[in-house]
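Structure first, commentary second.
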Amino acid sequence: MAKIFCVANQKGGVGKTTTTVNLAAGLAKVGQRVLMVDLDPQGNATMGSGIDKRTMELSVYDVLLESASVTEAAVLSEKCGYHVLGASRDLAGAEVELVSLERREKRLKTALAAVDADYDFVLIDCPPSLSMLTLNGLCSAHGVIVPMQCEYFALEGLTDLVNTIKQVHANLNRDLQIIGLLRVMFDPRITLQQQVSDQLKAHFGDKVFDTVIPRNVRLAEAPSYGLPGVVFDPSARGSQAFVTFAQEMVDRIRTM
Ligand code: ADP
Ligand code: MG
């Protein structure tokens, strides 16, 4: 049975896409069968997995509108070792098209149920908003992974996200929980980051993942080669941290 996780945070530029593609590559590396779903119309996770969103035949858009199954629309990224259900620009229109449809927030959930036996992990990269797309992600998932930078305003943004997740849990998806907060782009030389990291642990306890992802330029360079850092430069500190994180996720779901 596949465990399904959303990578979400209402803020943009906090490391959602970097986390999704590198965790997917890390999980593939430790032997897991992985499907990466790109729910952001920008398609960064798609391109960053070596799949060209401009030439892709079918995408998550077709799956949401029920004109294709996940099996039909997903493609294997050979270099990365995982399957990609990609996003292209037309996904931005899905937002409006879904509004008038039945079961509009459960379309992805229904579609993923058909591939439940094919994967160990499904990772969903969410856009930076609480849109119908994000709602489809949250309704499909067993848990949410929240990447965050250890900055002062990060804590404020977290309150909104926690409330959103509570509402979805109460009204739409009883399974949903925050699996953990992942500290990303971490620089231990910055005192404020250490302080916020300590506050996070005090507040959220073991909901904070043990693994910390350092700020590492190789992770930022990798997307321009159409690869996750883990594949582009496996020896980089950031890449190694993501493989460690993948192992931490494998260990966590055993106790879930
Ligand atoms: P989001 O999907 O939340 O908008 P991204 O994953 O696209 O965020 O990250 C935003 C920017 O930060 C990108 O340019 C990315 O390459 C860079 N970045 C993300 N994580 C790291 C890291 N650990 N070290 C250095 N740069 C990073
Ligand atoms: Mg993104």
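Start at 1 and go down the list; that is how both ligands and their atoms are numbered. Computed from heavy atoms alone, side chains included, the values below leave out hydrogens, waters and symmetry copies. Sequential numbering from 1 along the given sequence is applied to the chain's residues.
When only modelled atom types and interatomic distance are considered, Tyr82 and Ser77 share no side-chain donor-acceptor pair under 3.5 Å. Side-chain polar atoms of Thr46 and Asp38 form a donor-acceptor pair below 3.5 angstrom. When only modelled atom types and interatomic distance are considered, Gln32 and Tyr119 share no side-chain donor-acceptor pair under 3.5 Å.
Not a single protein heavy atom sits closer than 4.0 Å to atom 11 (C) of ligand 1. Proximity of atom 25 (C) of ligand 1 to the protein is indicated by at least one non-hydrogen atom lying closer than 4.0 angstrom. The nearest protein heavy atom to atom 14 (O) of ligand 1 is not closer than 4.0 Å.
Contact between Pro223 and ligand 1 is absent, with no heavy atom of the residue lying under 4.0 Å from the ligand. The shortest separation from a heavy atom of Gly13 to ligand 1 is under 4.0 Å, placing the residue in contact. Using a 4.0 Å cutoff on heavy atoms, Val184 does not count as a contact of ligand 1.
Partner of Val37 under the side chain to side chain contact (heavy atoms under 4.5 Å, CB included) criterion, chosen from Leu85, Asp125, Asn136: Leu85. Screening Leu35, Thr19, Leu27 for a side chain to side chain contact (heavy atoms under 4.5 Å, CB included) with Leu123, the sole residue that qualifies is Leu27.
Protein heavy atom nearest atom 18 (N) of ligand 1, with residue, atom name and distance: Met185 CE, 3.8 Å. Protein heavy atom at the shortest distance from atom 16 (O) of ligand 1 is Ala220 CA, 3.3 Å. The shortest contact between atom 7 (O) of ligand 1 and any protein heavy atom is with Thr17 CB, 4.1 Å.
Ligand 1 places these atoms under 4.0 Å from at least one heavy atom of Asn216: 22 (C), 24 (N), 25 (C). Within the listing of ligand 1, atoms 1 (P), 2 (O), 3 (O), 6 (O), 8 (O) sit less than 4.0 angstrom from a heavy atom of Lys16. Distances below 4.0 Å separate heavy atoms of Val14 from the following atoms of ligand 1: 1 (P), 3 (O), 8 (O). Listed by number with element, the atoms of ligand 1 under 4.0 Å from a non-hydrogen atom of Thr18 are 5 (P), 6 (O), 9 (O), 15 (C), 19 (C), 20 (N). The contact set between ligand 1 and Gly15, taken as ligand atoms under 4.0 Å from a residue heavy atom, comprises 1 (P), 3 (O), 5 (P), 6 (O), 8 (O), 9 (O). Each of the following atoms of ligand 1 lies closer than 4.0 Å to a heavy atom of Leu219: 22 (C), 23 (N). Applying the 4.0 Å criterion to heavy atoms of Pro214 picks out, from ligand 1, the atoms 22 (C), 23 (N), 24 (N).
Here the side chains of Met185 and Ile213 are not in contact, with every heavy-atom distance at 4.5 Å or above. Contact of the Val70 side chain with the Leu108 side chain is not registered, since no non-hydrogen atoms from C-beta on lie closer than 4.5 Å. Within the 4.5 Å cutoff, the side chain of Gln195 has no heavy atoms near those of the Asp198 side chain. Residues Glu66 and Arg103 are in side-chain contact: their nearest non-hydrogen atoms beyond the backbone lie under 4.5 Å apart. Using a 4.5 Å heavy-atom threshold, the side chains of Asp120 and Val34 count as separate.
Geometrically, ligand 1 and Thr19 share no nitrogen or oxygen pair separated by less than 3.5 Å. The distance criterion of under 3.5 Å between nitrogen or oxygen atoms is not met by Val217 with respect to ligand 1. For Arg215, no nitrogen or oxygen atom sits less than 3.5 Å from a nitrogen or oxygen atom of ligand 1, counting backbone and side chain alike. Considering backbone and side-chain N/O of Asn44, none are found under 3.5 Å from N/O of ligand 1. Looking at Ile213 next to ligand 1, no N or O pair under 3.5 Å apart turns up. The shortest N or O to N or O distance between Asp125 and ligand 1 is not below 3.5 Å.
A salt bridge does not link Arg215 with Asp187: none of the charged nitrogens is closer than 4.0 Å to a carboxylate oxygen.
The backbone N or O of Ser129 lies less than 3.5 Å from a partner atom in the side chain of Thr134, making a donor-acceptor pair.
Hydrophobic clustering keeps Val212 apart from Val230 (ILVMFWY residues linked when any side-chain heavy atoms are closer than 4.5 Å, directly or through intermediates).
Among the atoms of Thr17, an N, O or S atom is found under 2.8 Å from the Mg ion (ligand 2).
Within the model, atoms CD of Glu105 and CG of Asn173 stand 10.5 Å from one another, a figure rounded to the nearest 0.5 Å.
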